[in-house]
There are 2 protein chains.
Amino acid sequence: MELNEAKQKFIEAWGKLGSEWGINRTMAQIHALLLISPDALTTEEIMETLSISRGNANMTLRDLIGWGLIEKQHRAGERKEYFYADKDTWNIARQVAKERRKRELDPVLKVLDEISKVEGDLKDPEFATFYKSVTDINKLAKNVDKTLDTMLKAEESWFWGSIFKMFK
Amino acid sequence: MELNEAKQKFIEAWGKLGSEWGINRTMAQIHALLLISPDALTTEEIMETLSISRGNANMTLRDLIGWGLIEKQHRAGERKEYFYADKDTWNIARQVAKERRKRELDPVLKVLDEISKVEGDLKDPEFATFYKSVTDINKLAKNVDKTLDTMLKAEESWFWGSIFKMFK
DNA sequence: TTAAACTTTCAATAATTAGTGAAAGTTTAT
DNA sequence: ATAAACTTTCACTAATTATTGAAAGTTTAA
């Protein structure tokens, strides 16, 4: 396989994975493109490489900055903005985990806590089943939350080292 | 809060979370409904409770069976099919992890392995950056894969116990 | 100030994904 | 056989989400 073909495949695969996980395709693709670029790229270059419009490129780049995955760079004597992706995979994973926790897990935990408060008679199967499912899910969600918390603070090698002790 | 209101909120929250994670809303909602139902429900009851069409209910129920999250039940002397959800949260988490790994992680690992094979000169920054990003992501993906593997085989208490040892 | 270089916005449109419901298919009881 | 009870399919429509591109906005340099 040739390098440019491989790059193309990587961008496609990353875009597809992103869309299956609720991250839009363009966002994942721009991120992929920047990940494999040694230098920062301009909006123009990104538009051209991925065949997307200026508006789309601009908005998606801002989203990526919002996710903490890329940053703007300025060059002396130039007006153009250049975009550069953090290449540290562990940082990327943490950043994504952090954002999704904030946007999705936190609100769900809030709802679960709220609806866990509903009172009723455990002799009533309707109530008992509802209550058990909700509190079980709440427990699982809290465990996930705590684990993410650890992960966010952790060094990569320590984190995976600890995980792999589980295999023994 | 009253029980029916709480049920409603739970179904909504589950549906919303599902759609943010690439699982369609109806699927997550039907699953939520069955999770909090003490008894198995018919297609008819599900259609009515969630105000969805027969076609949608039928297809989604089949998908849920495909995901291993619910099962059909038959009752002596009745033609109707009843649907029942596994209420064990840990089983649910494992089932979802298993399916998504099969459908999404596995294909990505395949692509990553394939494009990792591309050869080039590490002195060339274009190649070096591409190669490093791809192999780093490949390593991370493999770690996730192994961890999922452990999770799929594990008992819930053992799994979280091991995770929480990490806090010490 | 003004005009060139560049970035941002947003209404309109396209693309994708989900949902409907009537018709076709299947099973069972008589 | 046949008809009632039930399930499945699928062409069509609706809803949602992503993308465009032209216009408006901003910054900089002369």
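Residue numbers begin at 1 in each chain, while the letters A, B, ... track the order of the sequences.
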Nearest-Å distance, [atom1] ([X]) to [atom2] ([N])?
X	N	atom1	atom2	result
B:L64	D:dT8	CG	P	13 Å
A:E78	C:dA5	CD	P	13 Å
A:I52	C:dT7	CD1	P	14 Å
B:D63	D:dT8	CG	P	12 Å
A:I46	C:dC6	CD1	P	15 Å
B:K80	D:dT8	NZ	C1'	17 Å
A:Q73	C:dC6	CD	P	17 Å
B:E44	D:dT8	CD	C1'	14 Å

Next item on the list: For B:I23 and for A:K72, find the nucleotide of DNA chain C with the closest heavy atom, then tell me which residue's nucleotide is more 5'.
Entry: A:K72
Show the distances under 3.5 angstrom between N or O atoms of the protein and N or O atoms of nucleotides 21-23 of chain D.
none

Margin query: Can you tell me how the ring of B:F127 sits relative to the ring of B:Y131, calling it parallel under 30°, perpendicular over 60° and tilted otherwise?
Written below: parallel
Item checked: Matching residue for A:I30 among A:L61, A:N24, A:L35 - test: side-chain contact (heavy atoms from CB on, under 4.5 Å) -> A:L61
Next item on the list: First locate atom CG of A:L112, then atom OG1 of A:T135, and finally report the distance between them rounded to the nearest 0.5 Å.
Entry: 10.0 Å
Next item on the list: Enter the distance from A:Q95:CD to A:D88:CG here, rounded to the nearest 0.5 Å.
Entry: 11.0 Å
Kindly give the heavy-atom pair with the smallest separation between [X] and [Y], and that separation in Å.
X	Y	result
B:G18	B:A28	CA-CB, 4.2 Å
B:W160	A:V144	CH2-N, 3.9 Å
A:S37	A:K87	O-NZ, 3.2 Å

Note to self: Applying ring-ring contact (aromatic ring centres under 6.0 Å, His included), can you list everything that pairs with A:F10, at least two apart in sequence or on another chain?
What the structure shows: A:W14
Margin query: Whether A:N58 contacts C:dT8 is assessed here as follows: a side-chain N or O lying under 4.0 Å from the phosphate OP1 or OP2. Is that the case?
Written below: yes
Notebook entry, point to check: Phosphate oxygens OP1/OP2 of D:dC6: is one of them under 4.0 Å from a side-chain N or O of B:T43?
Noted result: no
Can you tabulate the close N/O pairs, meaning under 3.5 Å, that link protein atoms to atoms of nucleotides 12-17 of chain C?
none

Checklist line | Terminal axis angle for the helix from C:dT1-D:dA30 to C:dT30-D:dA1, five pairs an end, nearest 10 degrees | finding: 10°
Check: Do A:E155 and A:W90 have side-chain atoms, one donor and one acceptor, less than 3.5 Å apart?
Finding: no
Every protein N/O within reach of nucleotides 26-29 of chain C N/O, cut-off under 3.5 Å:
unit_1 : atom_1 : unit_2 : atom_2 : d
C:dT27 : O2     : B:R79  : NH1    : 3.4
C:dT27 : O2     : B:R79  : NH2    : 3.0

Notebook entry, point to check: Picking from C:dT20, D:dT19, D:dT7, which would you name as closest to the side chain of B:E81?
Noted result: D:dT7
Item checked: Of the listed nucleotides D:dA18, D:dT9, C:dT8, the one nearest the side chain of A:R62 -> C:dT8
Next item on the list: Assess whether side chain to side chain contact (heavy atoms under 4.5 Å, CB included) is satisfied between B:T42 and B:Y82, documenting all intermediate values.
Entry: CA-CA 5 Å; B:T42 62; B:Y82 287 78; 3.6 Å; yes
Next item on the list: Report yes or no: do A:I65 and A:I92 belong to one cluster of Ile/Leu/Val/Met/Phe/Trp/Tyr joined by side chain heavy-atom distances under 4.5 Å?
Entry: yes
Note to self: Please list all pairs meeting salt bridge (charged side-chain N to carboxylate O under 4.0 Å, His left out) that have one or both residues in residues 41-63 of chain B, counting only residues at least two apart or in different chains.
What the structure shows: B:E44-B:R54
Next item on the list: Report the C-alpha distance between A:H31 and A:I70 in whole Å, list the side-chain angles of each, state the deciding distance to 0.1 Å, and finish with yes or no for side chain to side chain contact (heavy atoms under 4.5 Å, CB included).
Entry: CA-CA 8 Å; A:H31 186 229; A:I70 67 174; 4.2 Å; yes
Check: Is the shortest side-chain N to carboxylate O distance from A:E104 to B:K16 below 4.0 Å?
Finding: no
